[in-house]
Amino acid sequence: GRALLGSMIRVSDNDAATAVYLRVGDAGLARLARQARMKAFAVSGYWGYAQITAADQARLFAGLNRLVPRQFLADARGLLASIVSWQSWGIPEVARPHWRTFFKGGWRRSPRGQLVHQAARLERGTLSIAIAVLTDGNPSQAYGRETVRGIAARLV
């Protein structure tokens, strides 16, 4: 379990994500989406087919401390704070070192070009904010990353 979660979150290992999905299933993801108060989440048959919105991703990250069972919270926060350096572009690039940064990104080819997403929870003292930037139709992955970084810079 822990090794799979570490690979899935820290290095975006799709095989690990599939193994976790096979344990959790659509029902488990839907239950989490309800608990996170997501309004438009849908998934059917495979984690990669999940439909998300930026608002729902922000709700998920805003609720992180409430959604993760207390006994696993330190581990979850540790994983989301220690994404490998080559995937720490966009929001963490802008937020660090002024904000404690918990984030996850995703990218893949899409029919429109490159899909590049990132969501984060930023904490400083008693203040916390959640940000999600979802892009599609980028001409390259680098272009999408720069778009996420630029939007994050304007928000943070």
Side-chain angles (χ1 to χ4, degrees), residues 5-6 8-14 16-17 20-21 24-44 46-70 72-108 110 112-138 141-156:
L5 289 173
M8 179 181 82
I9 293 172
R10 294 194 65 247
V11 299
S12 296
D13 181 327
N14 288 343
V20 170
Y21 171 77
V24 174
D26 291 345
L29 292 179
R31 186 169 42 258
L32 174 61
R34 280 191 306 278
Q35 291 169 345
R37 301 180 185 115
M38 296 168 109
K39 296 179 179 174
F41 178 82
V43 64
S44 181
Y46 179 61
W47 64 268
Y49 298 152
Q51 299 294 306
I52 60 172
T53 65
D56 280 347
Q57 286 296 287
R59 284 183 190 93
L60 178 67
F61 275 82
L64 178 70
N65 294 341
R66 170 181 61 82
L67 294 165
V68 177
R70 189 165 307 284
F72 302 118
L73 186 57
D75 287 339
R77 288 171 58 90
L79 289 174
L80 292 168
S82 63
I83 306 292
V84 293
S85 62
W86 65 88
Q87 293 180 16
S88 293
W89 40 265
I91 298 169
E93 183 182 8
V94 169
R96 291 176 176 156
H98 304 292
W99 294 88
R100 200 151 171 227
T101 307
F102 308 92
F103 74 100
K104 186 69 187 106
W107 57 92
R108 66 173 170 82
S110 79
R112 297 177 57 201
Q114 289 288 321
L115 175 145
V116 180
H117 295 343
Q118 202 171 62
R121 177 186 176 90
L122 307 178
E123 298 175 352
R124 183 169 56 197
T126 59
L127 180 62
S128 69
I129 60 174
I131 298 173
V133 181
L134 279 59
T135 72
D136 197 358
N138 298 290
Q141 199 176 105
Y143 186 99
R145 289 178 181 189
E146 181 58 25
T147 299
V148 172
R149 191 201 65 70
I151 292 169
R154 285 162 182 80
L155 294 172
V156 177

query = More than 12 foreign heavy atoms under 6.0 Å from OH of Tyr46: is that the case here?
reply = yes
ask   = Quick check: are there more than 12 heavy atoms from other residues, nucleotides or ligands sitting under 6.0 Å from CZ of Arg66?
value = yes
Please check: side-chain N/O of [X] versus main-chain N/O of [Y], any donor-acceptor pairing under 3.5 Å?
X	Y	answer
Asn138	Gln141	no
His117	Thr135	yes
Ser128	Arg124	no

So do the side chains of [X] and [Y] get within less than 4.5 Å of each other, counting heavy atoms only?
X	Y	answer
Trp47	Asn14	yes
Trp107	Gln87	yes
Trp99	Val156	yes
Gln118	Gln57	no
Leu80	Leu64	yes
Val116	Trp89	yes
Arg121	Asn65	yes
Arg77	Glu123	yes

Which atom names give the shortest non-hydrogen contact between [X] and [Y], and what distance separates them?
X	Y	answer
Leu60	Ala36	CD1-CB, 4.0 Å
Ser44	Tyr49	O-CD1, 3.5 Å
Ala132	Ala54	CB-O, 3.3 Å

inquiry  = Go through it in stages, so that I can follow the logic: the residues are Asp26 and Tyr21, the test is side-chain contact (heavy atoms from CB on, under 4.5 Å), and I'd like the CA-CA distance, side-chain angles, deciding distance and then a yes or no.
reply    = CA-CA 8 Å; Asp26 291 345; Tyr21 171 77; 2.4 Å; yes
ask   = Can you tell me if Arg31 and Gln35 form a side-chain donor-acceptor pair at under 3.5 Å?
value = no
query = What do the steps show when you test Leu29 against Phe41 for side-chain contact (heavy atoms from CB on, under 4.5 Å), and what is the final call?
reply = CA-CA 9 Å; Leu29 292 179; Phe41 178 82; 4.0 Å; yes
Distance, nearest 0.5 Å, that separates [atom1] of [X] from [atom2] of [Y]:
X	Y	atom1	atom2	value
Leu5	Asp13	CG	CG	11.5 Å
Leu115	Arg108	CG	CZ	5.0 Å
Asp136	Thr147	CG	OG1	11.5 Å

With a 3.5 Å cut-off and sequence neighbours excluded, list the donor-acceptor pairs that the side chains of residues 91-98 form with protein atoms.
unit_1, atom_1, unit_2, atom_2, d
Glu93, OE1, Gly90, N, 3.1
Arg96, NH2, Ala81, O, 3.4

message = Please evaluate residues Leu134 and Thr53 with respect to the criterion side-chain contact (heavy atoms from CB on, under 4.5 Å), reporting the C-alpha separation (whole Å), side-chain torsions for both, the decisive distance (0.1 Å), and the verdict.
response = CA-CA 8 Å; Leu134 279 59; Thr53 65; 5.5 Å; no
task = Under the side-chain contact (heavy atoms from CB on, under 4.5 Å) rule, what do Ser12 and Lys104 come out as? Steps first, then yes or no, please.
result = CA-CA 9 Å; Ser12 296; Lys104 186 69 187 106; 2.5 Å; yes
